[in-house]
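Okay, structure first, notes after.
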Amino acid sequence: MQVWHVLLIIMFILLAVMIALYFIGKRLQKKQAEQQVQIDAAKQNVTLLIIDKKKLPIKESGLPQAVIDQTPALLRRSKLPIVKVKVGPKVMNMVADEKIFDYIPVKKEVRATVSGIYITDVAGLHSSLDKPQPKKGLFTKIKGKAQNAQDEMRAETRSQTVDEYRDASRTAGTNKATKKKYRPKKKRK
């Protein structure tokens, strides 16, 4: 068997897998659209007091057993964003949407859009919600460490603390005139 035969067989297998994934993805997209319609139909605006929030496996989440039994076997091992809330006098566990989980404040009262035990949207009751700090990427972390090391080295050569050096470097050049001086144009003859 020649090399190009093997490559041709691998190409056909990859093509078949891609076609299968396309149709499976289309089917899953239709299911999700149907579920979104049901969630939108059952939406309610509720005031919640957020007690705690964690990402937990579904068995440890404290959700009703009927919900755990209805969960597909593949999702039982994954962690869900669980929020412990107080709705009126009742304390219960709810599942939050992945998109809004980071925006949910702990130990604060919020106005939330709820569909069953699923929190789809959240807004501050008395003030706006604080946005979480974005996670730093690898390159940004490395650049920050290098900058800190460089600042320490320069501060040491000038016999200053790092904070003094940084303050001095931030204010350097601010005393210079930043505006251009006015110079009248010469008249042409």
Side-chain angles (χ1 to χ4, degrees), residues 6-145:
V6 174
L7 290 175
L8 195 61
I9 292 171
I10 291 173
M11 289 292 288
F12 281 126
I13 291 172
L14 287 175
L15 183 66
V17 168
M18 292 295 284
I19 291 171
L21 286 175
Y22 173 76
F23 286 111
I24 291 171
K26 255 189 152 177
R27 188 179 312 145
L28 290 175
Q29 198 172 20
K30 285 180 186 177
K31 269 187 182 179
Q32 196 226 0
E34 291 170 3
Q35 290 172 352
Q36 190 63 40
V37 169
Q38 291 175 351
I39 287 173
D40 289 342
K43 270 199 243 183
Q44 295 178 352
N45 289 329
V46 181
T47 302
L48 304 173
L49 174 66
I50 308 297
I51 298 170
D52 192 21
K53 67 176 187 174
K54 293 180 183 173
K55 289 198 176 195
L56 297 170
I58 195 161
K59 291 183 179 180
E60 299 172 13
S61 65
L63 294 173
Q65 189 62 38
V67 174
I68 295 171
D69 293 340
Q70 289 178 356
T71 306
L74 293 175
L75 289 177
R76 289 187 186 173
R77 292 182 181 166
S78 64
K79 291 185 176 185
L80 292 175
I82 303 295
V83 181
K84 190 173 189 177
V85 298
K86 184 175 182 184
V87 184
K90 192 174 181 181
V91 176
M92 59 189 299
N93 290 344
M94 300 181 99
V95 179
D97 193 0
E98 284 283 341
K99 299 173 201 165
I100 64 160
F101 183 69
D102 293 332
Y103 291 99
I104 298 175
V106 179
K107 297 183 182 174
K108 287 191 179 179
E109 223 173 350
V110 295
R111 205 177 13 235
T113 304
V114 177
S115 177
I117 62 167
Y118 191 68
I119 301 172
T120 58
D121 193 20
V122 76
L125 187 63
H126 302 293
S127 63
S128 62
L129 298 177
D130 297 331
K131 291 186 179 180
Q133 298 232 345
K135 294 182 180 179
K136 291 184 178 179
L138 179 66
F139 183 71
T140 309
K141 287 179 186 176
I142 292 171
K143 186 177 176 183
K145 286 180 182 179

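For the atom pair CD1 of I9 and CD1 of I13, the computed distance is 7.0 Å after rounding to the nearest 0.5 Å. Atoms CD1 and CD, on I82 and E60 in that order, are 10.5 Å from each other to the nearest 0.5 Å. Residue D69 holds its CG atom at 9.5 Å from CD1 of I58, rounded to the nearest 0.5 Å. Distance CD1/I39 to CD/Q32: 8.5 Å, rounded to 0.5 Å. Atom CD1 in I19 sits 7.0 Å away from atom CZ in F23 (nearest 0.5 Å). The distance from the CD1 atom of I50 to the NZ atom of K107 is 12.5 Å, given to the nearest 0.5 Å.
For R111 (side chain) and T47 (main-chain N/O), no donor-acceptor pair under 3.5 Å exists by modelled atom type. Counting only distance, with no hydrogens or angles, the side chain of R76 and the backbone of K59 share no donor-acceptor pair below 3.5 Å. One N or O on the side chain of T120 and one on the backbone of T113 form a donor-acceptor pair closer than 3.5 Å.
Heavy atoms only, all atoms of each residue included: G62 and N93 are closest at CA-ND2, 3.5 Å. Considering all non-hydrogen atoms of both residues, L63 and I68 come closest at O-CD1, 3.7 Å. Taking each heavy atom of P81 and F101 in turn, the nearest pair found is CB-CD1, 3.3 Å. Pairing each heavy atom of L49 with each of E109, the nearest pair is CD1-N, 4.1 Å. Considering all non-hydrogen atoms of both residues, V114 and M94 come closest at CG1-CE, 3.2 Å.
The existence of a salt bridge linking K55 and E98 is confirmed by a sub-4.0 Å separation between a basic side-chain nitrogen and an acidic carboxylate oxygen.
Applying the side-chain contact (heavy atoms from CB on, under 4.5 Å) test between L48 and each of I104, V122, V87 identifies V87 as the sole match.
By the neighbour-count criterion of 12 heavy atoms within 6.0 Å, atom NZ of K53 is densely surrounded, having more than that number from other residues, nucleotides or ligands.
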Test K43 against D40 for side chain to side chain contact (heavy atoms under 4.5 Å, CB included), laying out the working first.
CA-CA 5 Å; K43 270 199 243 183; D40 289 342; 3.2 Å; yes
